[in-house]
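Structure first, then comments.
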Amino acid sequence: MSIRTRFSLQDTEIPTLWYNLNADLPEPVPPPLHPGTKQPLTPDALAPVFPMNLIMQEASTERWIEIPEPVREIYALWRPTPVFRAVRFEQALQTPAHIYYKYEGASPAGSHKPNTAVAQAYYNKVAGTKRICTETGAGQWGSSLAFACRLFGLECTVYMVKVSFHQKPYRKLLMQTWGATVYSSPSENTEYGRKVLAEDPDCPGSLGIAISEAIQDAVTSGNAKYSLGSVLNHVCLHQTVVGQECIKQMELAGEEPDVIVGCVGGGSNFAGLAFPFVRRKITEKKHYKILAVEPTSCPTLTKGDLRYDFGDTAEMTPLLMMYTLGHKFMPPRIHAGGLRYHGMAPMVSHIKKLGLIDAVAYPQTKVFEAAVAFARSEGLVVAPETAHAIAAVIDEAVKCREEGRKRVILFNLSGHGQLDLAAYDTYLSGNMQDV
Ligand SMILES: *Cc1c(COP(=O)(O)O)cnc(C)c1O
């Protein structure tokens, strides 16, 4: 082979620390507020919902946080993940750019989400939690948490949005295979679910309703806690194994990225790749262009306001300072279910405000066009969420061609799309529309 395309690390090179960007920010992220008093939240206010070890991590400003050995042992099932250079994709685009991607689809659940699911299950286990409750849309988060809970011997209860429960059975079956109990939300299992069903027996459900059900289940039963798969500081923290590995792998490749790209729903996979590079931007004055990519139908960073807002529809969560479309915003049913969230991680929102990152939005037909082009040159069929990043990579690569200059582009391939082929069917049969 004339060009090296795969950059793998040794098993012993799984990171031993998570990186906390809060330690290096020029100004701190505004704190979460109590929804009633509007005062900064105290740790004990969150204690019914999360275990104290994760609450302390959420508020931490320590730069490096040790990854517990049992978490690293499970990471070793798929980490370190490879970085590839997409040479055939470069050729198809006729670009002088070099395009690299970090392959997070290699995890058992098929995405980056187990990086935090495993950590959260571990911290719950050592805190004495017996059961974790969560919500899931299309099922990526629910399946990741089901997998993680099983490996630590915890029970897992998932409230899955009703439309997905019926229309997307495969991730539900993954969750059940890993031993989770899955309810179609709104369900008869919680007071809130029963209330919603009494008002509208045919309610299709929403992420907001499912979050409210999962929180209510957790706080009303002993030994149960709630878990969130994106948005929060500790989730972004756990994902930083991705960017740390990438820094070493780009050294192996002998290149430094000029452009760093990730898709954003709640912001966690983007944070995981970007934060270790943002650190270098702050401390070493590097000139990376760091690009967050979202759907035009849910344009949180590109069209939202930066203000305090609730994380859920039922107004049960603390107020978070973030870019938001409003907690009552109902995003259209696009195929990238994981990007349909009204808010954005406070840490990602904050570095956008500080000008450390840029954001761009794409409509879904352009996104699937990019996904198909990538599959036809690199082979990998990516998740619809990931395809947003690829749409932006294509535009950056085409710019390089037009300007006749080589740049190095790195993106996070946050997950594979083998359980999302129905969305590809919609695109390939010409039935996909932009909303
Ligand atoms: C959930 C998901 C996303 C979006 O979530 P973030 O927290 O923004 O990363 C992106 N890609 C894949 C494959 C996902 O499963």
Side-chain angles (χ1 to χ4, degrees), residues 78 81 101-117 120 134-147 158 160-161 164 168 170-171 174-175 207 210 227-243 261-275 291-295 298-301 311 320 322-323 331 334-349 352 357 359 361-362 364 367 371 374 380-392 411-420 423:
W78 73 94
T81 59
Y101 61 93
K102 177 72 163 164
Y103 186 52
E104 288 296 305
S107 77
S111 76
H112 66 287
K113 288 191 171 80
N115 294 331
T116 184
Q120 292 191 47
T134 198
E135 73 289 333
T136 198
Q140 288 101 329
W141 171 242
S143 53
S144 300
L145 192 66
F147 154 72
V158 183
M160 184 171 191
V161 178
S164 303
K168 301 185 173 174
Y170 293 113
R171 286 203 182 86
L174 261 185
M175 291 182 243
L207 214 46
S227 164
L228 195 63
S230 187
V231 181
L232 299 179
N233 296 353
H234 67 268
V235 179
C236 294
L237 175 83
H238 299 154
Q239 292 295 349
T240 59
V241 290
V242 175
V261 184
C263 66
V264 285
S268 74
N269 88 84
F270 172 80
L273 174 68
F275 285 5
L291 195 53
V293 192
E294 60 188 11
C298 193
T300 317
L301 282 174
L320 302 174
M322 59 183 177
Y323 281 95
I334 55 163
H335 290 280
L339 306 186
R340 292 174 71 247
Y341 185 65
H342 68 273
M344 185 56 59
M347 292 183 76
V348 172
S349 296
K352 169 71 169 55
I357 61 168
Y362 285 89
Q364 64 177 351
V367 163
F374 189 75
L380 283 171
V381 176
V382 304
E385 292 84 2
T386 308
H388 287 73
I390 298 177
F411 75 94
N412 197 3
L413 202 162
S414 55
H416 71 66
Q418 304 228 338
L419 296 181
D420 304 285

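All values reported here derive from a predicted model rather than from experimental measurement. First listed ligand is number 1; within each ligand, the first listed atom is number 1. Any value given below was found using the heavy atoms of this structure, including those in side chains, with hydrogens, waters and symmetry copies removed.
- A donor-acceptor contact shorter than 3.5 Å links the side chain of Tyr341 to the backbone of Gly311.
- Using a 3.5 Å distance cut-off with no hydrogens or angles, the side chains of Gln120 and Ser227 do pair a donor with an acceptor.
- Residue Cys263 places no N or O, backbone or side chain, under 3.5 Å from any N or O of ligand 1.
- Between Gly110, Gly105, Ser414, it is Ser414 that holds the heavy atom closest to atom 11 (N) of ligand 1.
- In terms of N/O distances under 3.5 Å, ligand 1 is not approached by Thr386.
- Counting atoms of ligand 1 from 1 in the listed order, those under 4.0 Å from a heavy atom of Ser230 are 6 (P), 7 (O).
- Distance alone, capped at 3.5 Å, places no donor-acceptor pair between the Asn233 side chain and the Met347 backbone.
- Closest protein heavy atom to atom 4 (C) of ligand 1: Gly338 O, 3.4 Å.
- Between Pro346 and Val231, the shortest heavy-atom contact is CD-O, 3.4 Å.
- Within the 4.0 Å heavy-atom criterion, the part of Leu339 lying near ligand 1 is the side chain and not the backbone.
- The distance from atom CE of Met344 to atom CD of Glu294, rounded to the nearest 0.5 Å, is 5.5 Å.
- Side-chain atoms of Lys102 do not come within 3.5 Å of backbone N or O of Gly243 as any donor-acceptor pair.
- When only modelled atom types and interatomic distance are considered, Glu385 and Asn269 share no side-chain donor-acceptor pair under 3.5 Å.
- The closest donor-acceptor contact from the side chain of Thr81 to the backbone of Glu104 lies at 3.5 Å or more, if one exists at all.
- The N/O atoms of Ser268, backbone and side chain alike, include one that comes under 3.5 Å of an N/O atom in ligand 1.
- The residue among Gln140, Lys113, Arg340 with a heavy atom at the shortest distance from atom 3 (C) of ligand 1 is Lys113.
- At least one N/O-N/O distance between Gly267 and ligand 1 falls below 3.5 Å.
- Here Asn269 has heavy atoms under 4.0 Å from ligand 1 in both its backbone and its side chain.
- Annotation: Gly266 places an N or O atom under 3.5 Å from an N or O atom of ligand 1; distance criterion only.
- Those atoms of ligand 1 with a heavy atom of Gly415 less than 4.0 angstrom away are 13 (C).
- Atoms NZ and OG, on Lys113 and Ser143 in that order, are 8.5 Å from each other to the nearest 0.5 Å.
- Residue contact check for ligand 1: His112 places a non-hydrogen atom closer than 4.0 Å to it.
- In summary, the atoms of ligand 1 found under 4.0 Å from a heavy atom of Val264, numbered by their order in the structure, are 8 (O).
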